[in-house]
Structures are given as C-alpha cells and as structure tokens.
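Working notes, beginning with the structure itself.
Each chain gets a letter, A, B and so on, in the order its sequence line appears, and its residues count up from 1. Remember, predicted model here, so these are calculated numbers, not experimental data.
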Number of protein chains: 2
Amino acid sequence: MIDPAALAALAAVLRTGSFEGAAADLRLTQSAISQRVKTLEDRLGTALVRRTRPATATVAGARLLQHAEEISLLDRRLAADLGGLLPTPDTPLRIAVTADSLATWLLPALAAVPDLLFDLVIDDQDHSAELLRQGAVAAAVTLAGGAVPGCDAHALGSLRYRAYCAPAFAARWFADGVTADRLGAAPALTFNQKDTLQRQWVTQATGGKPRLKTHYIPETNAITQAAIAGIGWGMNPTSMVDPLIAAGHLTEIIAGQTLDTPLIWQVPRQNRDALADLTRAMRRAARGALVPA
Amino acid sequence: MIDPAALAALAAVLRTGSFEGAAADLRLTQSAISQRVKTLEDRLGTALVRRTRPATATVAGARLLQHAEEISLLDRRLAADLGGLLPTPDTPLRIAVTADSLATWLLPALAAVPDLLFDLVIDDQDHSAELLRQGAVAAAVTLAGGAVPGCDAHALGSLRYRAYCAPAFAARWFADGVTADRLGAAPALTFNQKDTLQRQWVTQATGGKPRLKTHYIPETNAITQAAIAGIGWGMNPTSMVDPLIAAGHLTEIIAGQTLDTPLIWQVPRQNRDALADLTRAMRRAARGALVPA
DNA sequence: GGTCAATCATTAGCGTTGCTTATATTAAAT
DNA sequence: ATTTAATATAAGCAACGCTAATGATTGACC
C-alpha cells in the first residue's frame, strides 16, 4: 500500500509544479515534501518527479498521480455516502471542460459550490471521453455526440456563437458581399485542429463547403484579440464578442447569423451522488446562460 | 482521508470476526487493533463494529469495508501497471464462485497463483452480477447467462453433472423404471431455491416437466451425504460422485444421462491487467477439469 | 564568466504517534 | 456465582516524520 501522505505530496508537487508550492499547499515545509517524495521514490526504486521548472512527472509518477485521483474519488463517494460524518477531502476535483465554457458561463456554476476545489482540464483535443473512461477526470463538460457509457449525460443547452472580424478586415475581404469563396479566402482563426465551428457556420450561412485558410490559436480570448488586430475572422460565444461589437472593435460578418453548439454535462454514475451538488449548480447556471436545447 | 491502517484493522476484524483474529492477521497485538478501531470510530463519531461473536459491521462499517475493498483493487491495478515495483498488497482478493466449482476444479486454479490471497464468496443466490457491479467482488465465476456489462467474460467450459441416489432409494422409487412422474414423486436434494439443475435434467432425460418434491441443502458435500443416507436423489459434478458410485454407495439414476452447465469467468475490465495471472490460471485449470463448451 | 536568486537535498534534533506489555473490564456460558 | 474468553484501558517506550538550519545545484543576468 502506498503511503497516502507521500501520494498527497507527489500530487501537490505535480499540481503546483514545485516542491515549495506543494509545501505551501499542504502547509508543510519544503523539506517535508522533499523527504516524502524521496522516500517514495526510494521505496519504488524509480524517479517519480523530474526536477525541472515546472516539475514534471515521469511515467511512473503519472501513473501514481492517476492513482491518487482515483482514490480521491473513492473518498468523495465515501464521504457522500456517510453523509457528513467524514469531512470532504480537500484535494481539487478534476473536471474536463471546453475552453469556451470556461470563458463564458462555467465559473459562476463552480462558484455556486464553494465547498469544493477544482482542477480544471481544458479539453483542447476532445479527449474528455477518454479521460472519463480512464477515471482521469471526475466529470466533464463535453460537446454533444461523445456520450460515454456508464455516465449520466445532462443536456445543458447550447452555446451560441457569432462570427466576427475587425471592420477593416470586413472592408478588405467582404466588400463585395459574404460568399463561401470569400470566407474560404479570408484567413480564419481556429481554436485547434479539432475545431470545426467555422466550417459548420460557413455551410449553414452560405451552403458552400470551402476549404478554410486558418490560423490555429488555442486560447479563446486570444482569438478575439487576434481578430481585433485584423489577423483573421473568428467565432466566439455571443457573450464574449457582443460587447466588442457594440464598442466598434469588431463587426458581425453576417448579422444575426449565429450557430448553436449543444453541451453535455457527463458524470460517471459512480460519482453521481458525490457530485450531486455540482450537477445541480451546473444545470442551474447553464439554464441561465445557455440557449435551451 | 481515512487512515489506511485503521481501515485495514477494521477490514481484518470484520473478515476474521474478532479483534484477536485481526491482530493475528496483521501481526499486531489485540490492543493495537482495539485502539485503531476505537480512534476511527471516535473520529467518525459512529460505531463501526458490533462487538458480537463473530463481530459484525454496522451500516457505516459495511460502507467502510466496501471502501477498503475498492482501494485494495486500485492498489492491485497500480501494482500491475507499475510492474513489480510495488509489492502486491496482501489483502485477500474477494471473488464470487459457485459452490460446485469450489468443490471440484477451482482450488487448483487458485493454487496456481501462490502470490495472491483469496476471500471466496460462495454465490448461493446468483448475486454475482450485482456483486460485480457494486465492486464488492473483484471477479466471479458465474453460470452462463448473467453477463455483466463492463466485464470481460471468459467461457471456461461446462461442469458435467450426474443424477444419482442410493441403491435402496432406486429400488424403492425407480423399480418400475425412471419416468418424469416417478422423478417428481421421489424427494430430490436441491442446493437452494435458485437451483434448477434437477428440473433441467428431468426435462432433458424424460421430456416431462414434473413439479419436484425437494429438500433444500445449501452445501454441496452434504447433498451427496444425504443421498447416501437415502433421503433423496441429487445431482453433482461427476468428479464428486463417480468415486461414490464406483464404491457402491450410490448409483446413477439413468446411466450416462449427464447434464452440462457452462461456467463463465467474469472480470471487470478495470481489473483485467491486475488479474491477468489469475485469469490465465483459471482458464488452464478449467481446460483440464471442465467439458469444453 | 562570476555573481545572484531560486530551488531542491541533507542533516540534526525533537515531538507526536502508535505500538507493546500489562491489567482492568465486560459479557457469555456453565 | 464462577469461570472463561473476549475487548478496553493505561503506561511506557521506540520509531517515524516533521521543523529548522544549512548545503548543493541550477539557471539567469550583467
């Protein structure tokens, strides 16, 4: 059996990226962390932490981290079942989320559950299904379509996206009207390779299916900034871009032409009880901020 | 987080039924066990063990026991993944088995994996599916037909059953031949209410479907003893009754009329790697002792 | 390239925890 | 009631793991 104290130290080191950060997190001295990690490494006969800045996990370290996460989930379930006899563990709860959810409606939902700590994993690559299956995250906000067996799937509603660009950019590329060809020629701003929002929108708006020229910028806010700078056209949730449009920094490419993407809150059935409060908060926040499905 | 040492003490107490037994198991003094359990109970503010003989679990205690079992499984998986870096935990592995498997072919299979400890749960009531789902057992030998989602199901082959009775019993009930009616009239020996072996056999042998008069004796060996005593007719795996038939204590009711029951080895996919050795041993032992499916 | 800043490792010492031994208490059995 | 078998409690001691202080290593910057 792995010493849980050592496991906590390892997890904290990998979470914070440094021994000192871990010490602060666990309210111990840096020395204690160092000793715990070292003894664990000695016992196992393998390095667990690469002493880099930030500290990174070796293969064995990563596996142990997963183990820590799994145990933390078991503890949560136990605490839920025992009904308050046991204090809720104060290790952060790992949840996968979509970048745009994080940038718009998600934080208020999390804020509504003040007795939990969160460790958010931004799901750049549509990994959530795999993460859920492996138990690497306790729950996930995913796009529709990736239902995971063994998970409760709560439909949250849809994020409404608007396509926009800088006024000068519109003048340059769309002076003669917005067509599929012109949209294909103008450089787009895409979150990453998995992101097909733009293509969907172009098809919905024009019926065409052009091959898009695009930049890849894996950070939601950076995309709006890039658009303001005139680098390309992008798509973001209405709540993010509407103020910028109102201020004249951006213009909508086709007025009123929005695209809705349904979101799902997926909770492995095992964790249902332990995360009941969170699920309730999610659904409530989504009801207020998202478009009904 | 629950102190794992305390959890181990609790589990040992409930497994052995006494504090002293637990102490012997964990190579500690009875006093240490008492202290561990007491501190845990104090921390949680609830009784966990009912001080009876044997000791039994309260509701909270049972829940904690399940938690201990879950953690032990996680540890096993981790040990498997880390490949020997970590010693295999020495908490017994809980496995559900059918009574007849235990009485015949199973023990050699378990013996072939000497580095594991076992905690066998005899599945009187076809509970295995539920036990597997809840994680209360790490794997199970079940009858065919109860496949559990999320489990690897290995077909092991079939146990071959023979119907038998004492010679005097045969003379009394089957002097005029073995018919469905006579079989329905002669008292049978049945393992329990879920056991439909006899009915299947009667149907297979005679085509009839009589309502059987039967004793219920939930212990496999006791059934053969009861048959020898002339209380009724029974069915058991060939390997159990053939020696008794050869010795003249029992006779087969219809020579050569046997019934095969397929067995399945079910392992939750999560535990597959951790139990790979055991699965291999199971399949090998089954190949030698069971009838190919 | 030498100095500085930041981080991790090591050492020594001490306090707490949790064990053993020994004894008290409780509960069941006769 | 007495005896037996179990769990609980008390006292003392050993070991473990923490803090505090110091040493070693690394990378950054002038």
Does a donor on one side chain and an acceptor on the other come within less than 3.5 Å for [X] and [Y]?
| X | Y | answer |
| --- | --- | --- |
| A:T56 | A:R50 | yes |
| A:S128 | A:T142 | no |
| A:Q35 | A:T39 | no |
| B:S31 | B:S34 | no |

Of all the nucleotides listed ([options]), which has the minimum atom distance to the side chain of [X]?
| X | options | answer |
| --- | --- | --- |
| B:S31 | D:dA10, D:dC18, C:dA9 | D:dA10 |
| A:L28 | D:dT9, D:dC18, C:dT11 | D:dC18 |
| A:K38 | D:dA20, C:dC8, C:dT10 | C:dT10 |

Whole-Å distance separating the [atom1] atom of [X] from the [atom2] atom of [N]:
| X | N | atom1 | atom2 | answer |
| --- | --- | --- | --- | --- |
| B:E20 | D:dT4 | CD | C1' | 12 Å |
| B:I33 | C:dC19 | CD1 | P | 8 Å |
| B:Q35 | C:dT23 | CD | C1' | 14 Å |
| A:Q30 | C:dT11 | CD | C1' | 13 Å |
| B:D3 | C:dC19 | CG | C1' | 13 Å |

